[in-house]
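First the structure, then my questions, so here it is.
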Amino acid sequence: MTPTIAVFLFGIATVVLLGAVAVALVALRNERHVRARLSTAERELYAHDEAMTRLVEATLPRITEAIRRHSEPDVTAEVPAQLRDSPFAHKIARIAAEYAEDLALVREETRLAAEHDAEERAAERVEAVRDETRAQVAAEARAATGNAVRAFGTTVVSLGADVGQVVSNALRENRNDEVYGTLSRIDHTVQQMIRQAQSYVLVSGGLPGRRWPQQTVDDVVGGATGRVRDYLRVRTGHCDRVVISRAVEPLVHTVATLLDNALRYSPPSSFVDVAFQQGHHGVTLIIDDAGVRMSQEQMEEARQILSGERVIDINALGPSPKIGFPGVAALARRYGFAAYVDGPNVYGGTRAMVFIPSALLVDKSDSRSTELEQAAVAPEVIVREDVSEPLEVAAVSVATAPEPTEPDTTPGGLPKRTRRVVTPAGDRARGSELPGRPELVTAWQTGSRHGRAAAERSIDGQDS
C-alpha cells in the first residue's frame with residue numbers, strides 16, 4: 001500500500017466517524033426533546049382529566065341546582081392552574097355557559113308546557129262541568145216540559161171526557177132530529193179532541209190509560225173510526241180475532257192516528273180501505289188511501305220514527321208539532337206491536353200497516369170464557385151499538401131483541417138512538433141462549449164510548 005492510499009483511507013474513516021458522532025448527538029437531542037414533550041403532554045392530559053372531572057362533578061351539578069332553585073347560576077368552570085387562560089379552559093367555560101342556557105330554556109319550556117297542560121285540563125274540566133250542567137238542565141227542562149205537556153193533555157182529556165159524558169146523557173134524553181144531530185157532531189168532535197190530547201200525553205211519556213175488556217179486531221177498527229173526521233169515508237173488512245185487554249186502547253189509538261193521516265191527505269171524494277191479513281205470527285191491518293204520497297225524505301223519516309230508530313224529543317217538536325207518528329211509535333215500543341208506512345199502493349197513495357203479533361191475540365174460546373169469568377166476578381153493563389140502534393149487553397146475557405126494522409135517521413144521516421130493554425138478572429139466569437154480537441158497530445158512537453172510557457182510565461193511570 002502506498003502512503004497516498006493510506007492517507008486517503010484514513011481521511012475517509014475520519015469523515016465517517018465524525019458523521020456518526022454528529023448523528024448520535026442529533027439523536028440524543030431529539031430524544032431529550034421528545035421526552036420533554038411527552039412529559040408536557042402527560043401533565044396536560046392529567047390537567048384535562050382533572051378539569052373534566054371538576055366540570056362533571058362540581059360545575060354542572062352547581063348549575064343544575066341553581067336552575068332548579070330558579071336562581072341565577074354561576075357558570076365559572078373550575079380548572080387546574082396550568083390550564084387557566086388556555087383554549088381548553090375557554091372551551092370548558094363555554095360548555096358550562098351553554099349548559100346553563102340550555103337548562104334554563106328547558107326549564108322555561110317545561111313551565112310553559114305545564115301551564116298549557118294545566119290550562120287545557122282546567123278547560124276540559126270546565127267544559128265537562130258545563131256539558132254536564134247543560135245536560136242536567138236540558139234533562140230537567142225536558143222532564144218539566146214533558147210533565148207540563150202531560151198534565152195539560154191529561155187535563156184536556158179529563159175535560160173532554162166530562163163534556164162527552166154530558167153530551168152522551170143529552171143524546172139519551174133528546175130525540176129531536178135537529179138536537180140529536182148537533183149533539184152527535186159535538187160528541188164526535190170531542191172524541192177527536194180527546195185523541196189529540198192523548199197523543200200529547202203519549203209523546204210526553206204518559207200512558208194511554210187502564211185496560212179495556214178484550215175486543216175483536218173489528219171492534220178495534222170501529223172504535224178507531226169513531227175518533228176521526230170523515231169517518232163515513234172509511235171502508236173496513238172483517239176480522240174476528242180477539243185482542244187482549246191491555247192492547248186494545250193502544251191499538252185503537254194507533255189505528256185512529258193512521259186513519260186520520262190517510263183521511264186528511266186524501267181527496268174528500270175518495271175512500272180509505274182497511275183490510276186484514278191473518279198469518280201464522282199474527283194479524284196485519286192494512287190501511288190504503290188514494291191521497292198525496294209522501295216524498296222519499298218524508299217516507300224515510302216516518303219509517304225511522306215508527307221503527308224506533310229515531311226517538312222524538314218533545315222539546316224538538318217545534319211550533320207546529322207533529323205528534324201522530326211519535327205517539328204511535330211510543331205505543332208500539334211499549335206494547336209490542338209494529339207500525340209501518342209504504343208507498344205507492346194500488347191507488348197511487350200511501351199504505352200504512354199495523355202488525356198485531358200473536359202474543360197480543362187470544363182464541364175466541366179463551367176470550368169467551370174470560371168474558372164470562374169477568375162478568376161473574378164484576379157484573380157491569382157494556383153498551384154496543386149497531387147501525388140501526390144501540391144494544392145494551394149485560395155482563396152475562398141479554399134478552400133476545402126483535403129483528404131491527406129500517407133505522408130512523410137524522411137529516412144529517414146519523415142514526416137515531418132507540419132503547420132496548422135489558423132482561424132482569426133473574427130472567428137472564430133462566431135464559432138458555434147467550435147474546436150474539438151486533439153485526440156492525442156504528443163508528444162514531446163506538447169511538448165516543450172508547451174515548452170517554454180511555455180518558456177516565458188515562459186519568460186513573462196517571463194518578464196511580
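In what follows, every heavy atom counts, from backbone to side chain, and hydrogens, waters and symmetry copies are set aside. Everything numeric in this text was worked out from a predicted model, so none of it was measured.
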Handout entry: Atom pair OG1 (T284) and OH (Y340), whose distance is rounded to the nearest 0.5 Å
Key =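 It comes to 8.0 Å.
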
Problem - Chi angles and distances behind the salt bridge (Lys or Arg N to Asp or Glu O under 4.0 Å) call for R134, E140 - result: CA-CA 10 Å; R134 286 175 180 172; E140 292 176 355; over 6 Å; no

Exercise for the section: State whether the side chain of Q304 and the backbone N or O of E301 hold a donor-acceptor pair below 3.5 Å, judged by distance alone. Expected result: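 Such a contact is absent between Q304 side chain and E301 backbone.
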
Practice task
Scan L258, L259, V252 and name whichever one has a side-chain contact (heavy atoms from CB on, under 4.5 Å) with V255.
Solution key: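 Passing option: L259.
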
Exercise for the section: Examine the side chains of S168 and R172 and answer whether a donor and an acceptor come within less than 3.5 Å of each other. Expected result: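 Yes.
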
Practice task
Verify, without hydrogens or angle tests, whether S270 (side chain) and S266 (backbone) share a donor-acceptor contact under 3.5 angstrom.
Solution key: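 No; judged by distance alone, with no hydrogens or angles, the pair does not exist.
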
Exercise for the section: Return the set of residues passing salt bridge (Lys or Arg N to Asp or Glu O under 4.0 Å) with D289 (not counting sequence neighbours), or none when no residue passes. Expected result: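 Scan of D289 (salt bridge (Lys or Arg N to Asp or Glu O under 4.0 Å), adjacent residues dropped) gives none.
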
Handout entry: For R68, all residues meeting salt bridge (Lys or Arg N to Asp or Glu O under 4.0 Å), sequence neighbours excluded
Key =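 Expected list: E65.
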
Handout entry: Gap between atom OG of S358 and atom CZ of R241 - 0.5 Å precision
Key =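 Result: 6.0 Å between the selected atoms.
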
Practice task
For L183 and A170, work out which heavy atoms get closest and say how close.
Solution key: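 Heavy-atom minimum between the residues: CD1-CB, 3.6 Å.
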
Handout entry: Shortest non-hydrogen contact from C239 toward Q278
Key =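 In this case the closest contact between C239 and Q278 is SG-NE2, 3.7 Å.
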
Below 3.5 Å, can you tabulate the donor-acceptor pairs from side chains in residues 121-131 to any protein atom, sequence neighbours excluded?
| from | atom 1 | to | atom 2 | distance (Å) |
| --- | --- | --- | --- | --- |
| E127 | OE1 | R130 | NH1 | 3.1 |

Practice task
Just jot down the side-chain contact (heavy atoms from CB on, under 4.5 Å) partners of P326, sequence neighbours excluded, or say none.
Solution key: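 By the side-chain contact (heavy atoms from CB on, under 4.5 Å) rule, P326 matches V203, I305, I312.
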
Handout entry: Closest approach of L207 to V201 (non-hydrogen atoms, all atoms of both residues)
Key =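 Scanning both residues, the minimum pair turns out to be O-CG1, 4.0 Å.
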
Practice task
Specify the closest pair of heavy atoms between P357 and G336, including all atoms of both residues, with the distance to one decimal.
Solution key: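 Minimum heavy-atom separation between P357 and G336: CG-O, 3.4 Å.
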
Practice task
Evaluate the side-chain proximity of H253 to L202: yes if any heavy-atom separation is below 4.5 Å, no if none is.
Solution key: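 They are in side-chain contact.
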
Problem - Non-hydrogen side-chain atoms of N147 and T145 separated by less than 4.5 Å - result: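 Side-chain contact under 4.5 Å: no.
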
Practice task
Apply salt bridge (Lys or Arg N to Asp or Glu O under 4.0 Å) to D230 and list each qualifying residue two or more places apart in sequence or on a separate chain.
Solution key: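 Counting only residues at least two positions away or on another chain, D230 forms a salt bridge (Lys or Arg N to Asp or Glu O under 4.0 Å) with R233.
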
Practice task
May I have all residue pairs that pass side-chain hydrogen bond (donor to acceptor under 3.5 Å, both in side chains) and include part of residues 93-102, sequence neighbours excluded?
Solution key: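 Those involving residues 93-102 are T64-Y99.
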
Problem - Check: Y200 and V156 side chains under 4.5 Å, non-hydrogen atoms - result: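 V156 vs Y200: side chains apart.
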
Handout entry: side-chain contact (heavy atoms from CB on, under 4.5 Å) partners for E120, two or more places apart
Key =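 For E120, the residues satisfying side-chain contact (heavy atoms from CB on, under 4.5 Å) (neighbours in sequence not counted) are H116, D117.
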
Practice task
Under the side chain to side chain contact (heavy atoms under 4.5 Å, CB included) rule, what do T350 and N345 come out as? Steps first, then yes or no, please.
Solution key: CA-CA 6 Å; T350 302; N345 57 17; 5.5 Å; no

Problem - From CA spacing to verdict: side chain to side chain contact (heavy atoms under 4.5 Å, CB included), R62, T59 - result: CA-CA 5 Å; R62 185 179 67 248; T59 305; 3.7 Å; yes

Practice task
Measure the CD1-OG1 distance between I194 and T189 for me, rounded to the nearest 0.5 Å.
Solution key: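 If I round to the nearest 0.5 Å, the distance is 11.0 Å.
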
Exercise for the section: Kindly indicate whether the side chain of H238, heavy atoms from C-beta on, has any atom under 4.5 Å from the side chain of D240. Expected result: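 Answer yes - side chains close enough.
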
Exercise for the section: Would you indicate whether the side-chain heavy atoms of Q214 and V362 approach each other to under 4.5 Å? Expected result: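 Heavy-atom side-chain distance check passes, below 4.5 Å.
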
Handout entry: Donor on one side chain, acceptor on other, T216 and D219, under 3.5 Å
Key =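 There is such a pair between these side chains.
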
Practice task
For residues F337 and L360, determine if any side-chain heavy atom of one lies less than 4.5 Å from a side-chain heavy atom of the other.
Solution key: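 In short, these two side chains touch, coming nearer than 4.5 Å.
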
Problem - Non-hydrogen atoms of S204 and G146 that approach each other most closely - result: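 Closest approach of S204 to G146: CB-O, 3.4 Å.
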
Problem - Residue pairs fulfilling salt bridge (charged side-chain N to carboxylate O under 4.0 Å, His left out) with at least one residue in residues 254-264, sequence neighbours excluded - result: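 Sorted pair list: R195-D260, D260-R264.
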
Handout entry: Worked verdict on R227 versus Q192 for side chain to side chain contact (heavy atoms under 4.5 Å, CB included)
Key = CA-CA 5 Å; R227 298 187 186 185; Q192 297 176 65; 5.7 Å; no

Practice task
For S199 and I323, indicate whether the former's side chain and the latter's backbone hold a donor-acceptor pair under 3.5 Å.
Solution key: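 Such a contact is absent between S199 side chain and I323 backbone.
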
Practice task
Using side-chain contact (heavy atoms from CB on, under 4.5 Å) as the criterion, list what pairs up with R111, not counting sequence neighbours.
Solution key: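 For R111, the residues satisfying side-chain contact (heavy atoms from CB on, under 4.5 Å) (neighbours in sequence not counted) are E108, E115.
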
Problem - Full working for side chain to side chain contact (heavy atoms under 4.5 Å, CB included) between V242 and L361 - result: CA-CA 6 Å; V242 179; L361 301 171; over 6 Å; no

Practice task
State, with a plain yes or no, whether a side-chain heavy atom of M353 is found less than 4.5 Å away from one of I286.
Solution key: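 Yes, their side chains come closer than 4.5 Å.
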
Practice task
Would you mind listing every salt bridge (charged side-chain N to carboxylate O under 4.0 Å, His left out) that reaches into residues 326-352, with sequence neighbours excluded?
Solution key: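 Matches after skipping sequence neighbours: D288-R351, R303-D342.
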
Practice task
Working to the nearest 0.5 Å, report the span between OG1 of T182 and CG of D187.
Solution key: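 Separation between the atoms: 12.5 Å.
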
Exercise for the section: List in chain and number order the residues that pass salt bridge (Lys or Arg N to Asp or Glu O under 4.0 Å) with D273, two or more places apart in sequence or in another chain; answer none if no residue qualifies. Expected result: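 Salt bridge (Lys or Arg N to Asp or Glu O under 4.0 Å) check on D273 returns R235.
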
Problem - Heavy-atom check, side chain of S158 versus side chain of T155, under 4.5 Å - result: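 No, side chains not in contact.
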
Problem - Other residues, nucleotides, ligands: >12 heavy atoms within 6.0 Å of F276 CZ - result: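 For F276, atom CZ is crowded (more than 12 foreign heavy atoms under 6.0 Å).
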
Handout entry: Residues forming a side-chain contact (heavy atoms from CB on, under 4.5 Å) with A302, sequence neighbours excluded
Key =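 With neighbours one apart ignored, the set is M294, F325, V341.
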
Practice task
Applying ring-ring contact (aromatic ring centres under 6.0 Å, His included), run through F355 and H281 and close with a yes or a no.
Solution key: CA-CA 9 Å; F355 173 68; H281 298 287; 7.6 Å; no

Problem - Heavy-atom closest pair, residues V228 and A256 - result: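 The pair with the smallest heavy-atom distance is CG1-O, 3.2 Å.
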
